[in-house]
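For clarity, every value in this text was computed on a predicted model and none was experimentally measured. Counting begins at 1 with the first residue of the sequence.
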Amino acid sequence: QVQLVESGGGLVQVGDSLRLSCAASGRAFSSDAMAWFRQGPGKEREFVAGIRATWRIIQYADSVEGRFIISRDDAKNTVSLQMFSLTPEETAIYYCAGKTNNFITKEASSYDFWGRGTQVTVSS
């Protein structure tokens with residue numbers, strides 16, 4: 001089983017950038033699809049971005065397309081999310097997740113393993 005630990009969250013101002021990282025342990029995740037989700041106060045967990053293994057196919061939520069960049073380093077067993085131009089509405093706990101069948105989906109229930117999340121707060 002893969003254990004995921006997110007880092008990089010914090011308090012930022014509107015328009016700021018932030019880079020989140022997710023470190024995996026337990027086994028290599030080089031064949032797994034990886035994704036970032038977020039859950040704001042009183043909201044459901046929502047898909048942010050995903051990246052497949054091997055062919056590096058990437059998918060973003062419409063709301064972050066052009067502002068967020070997901071990447072992975074299989075040699076280091078890490079996945080990152082670079083976020084630009086953050087807004088207060090993006091205040092949330094950000095979660096890293098993985099699924100073994102290497103297909104990106106937007107449904108949280110389809111992911112096999114999760115981190116505990118890292119808090120991102122965007123202040124106006």
- request: Applying side-chain contact (heavy atoms from CB on, under 4.5 Å), run through Val120 and Met83 and close with a yes or a no.
  value: CA-CA 11 Å; Val120 173; Met83 305 184 292; 4.1 Å; yes
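- Not counting sequence neighbours, the partners of Thr105 by the side-chain hydrogen bond (donor to acceptor under 3.5 Å, both in side chains) test are Ser110.
- Side-chain atoms of Ile51 and Ile57, non-hydrogen and from C-beta on, never get closer than 4.5 Å to each other.
- Residues Met34 and Leu4 have side chains in contact (heavy-atom distance under 4.5 Å, counting atoms from C-beta outward).
- Grouped with Tyr95 in one hydrophobic cluster are Phe37, Phe47, Ile93, Ile104, Tyr111, Trp114, the linkage being side-chain heavy-atom contacts under 4.5 Å among Ile, Leu, Val, Met, Phe, Trp and Tyr residues.
- Note on Val5: it does not cluster hydrophobically with Tyr94, by side-chain heavy-atom contacts below 4.5 Å among ILVMFWY residues.
- Here Asp73 pairs with Ala75, Lys76, Thr78 under the side-chain contact (heavy atoms from CB on, under 4.5 Å) rule; sequence neighbours left out.
- Within a 6.0 Å sphere centred on CD of Glu44, heavy atoms belonging to other residues, nucleotides or ligands number 12 at most.
- Applying the side-chain hydrogen bond (donor to acceptor under 3.5 Å, both in side chains) rule to Glu89 yields the partners Thr87; only residues at least two apart in sequence or on another chain are considered.
- Looking at every heavy atom in both residues, Arg19 comes nearest to Ser71 through NH2-OG, 4.0 Å.
- Taking CG of Leu18 as the reference point, atom CD of Gln13 lies at 12.0 Å (rounded to 0.5 Å).
- With hydrogens and angles disregarded, a donor-acceptor distance shorter than 3.5 Å links the side chain of Glu6 to the backbone of Gly117.
- Under the salt bridge (Lys or Arg N to Asp or Glu O under 4.0 Å) criterion, Glu46 pairs with Arg38, not counting sequence neighbours.
- Taking the side chain as every heavy atom from C-beta outward, Ile69 and Leu81 never approach each other to under 4.5 Å.
- For the side-chain hydrogen bond (donor to acceptor under 3.5 Å, both in side chains) test, no residue two or more places apart in sequence or in another chain qualifies with Ser17.
- Shown here are the side-chain contact (heavy atoms from CB on, under 4.5 Å) partners of Ser124, two or more places apart in sequence or in another chain: Val14, Pro88.
- For the side-chain contact (heavy atoms from CB on, under 4.5 Å) test, residues two or more places apart in sequence or in another chain that qualify with Ser7 are Ser21.
- Looking at residues two or more places apart in sequence or on another chain, you find a side-chain hydrogen bond (donor to acceptor under 3.5 Å, both in side chains) between Arg27 and Asp32.
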field: Test side-chain contact (heavy atoms from CB on, under 4.5 Å) applied to Gln119 and Leu11, step by step
entry: CA-CA 8 Å; Gln119 176 71 48; Leu11 173 64; over 6 Å; no
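- Not one N or O on the side chain of Arg52 forms a donor-acceptor pair closer than 3.5 Å with the backbone of Phe103.
- Taking the salt bridge (Lys or Arg N to Asp or Glu O under 4.0 Å) definition, one finds that Arg67 meets it with Glu90, sequence neighbours left out.
- Phe113 is listed as a side-chain neighbour of Thr100, based on a closest heavy-atom distance under 4.5 Å.
- By the salt bridge (Lys or Arg N to Asp or Glu O under 4.0 Å) test, Arg45 is found to be paired with no residue, residues two or more places apart in sequence or in another chain being considered.
- Evaluation of the side-chain contact (heavy atoms from CB on, under 4.5 Å) rule for Glu65 yields Tyr60 as partners, not counting sequence neighbours.
- Heavy atoms only, all atoms of each residue included: Thr91 and Val122 are closest at OG1-N, 2.9 Å.
- Annotation: the span from Ile70 atom CD1 to Cys96 atom SG amounts to 8.0 Å, rounded to 0.5 Å.
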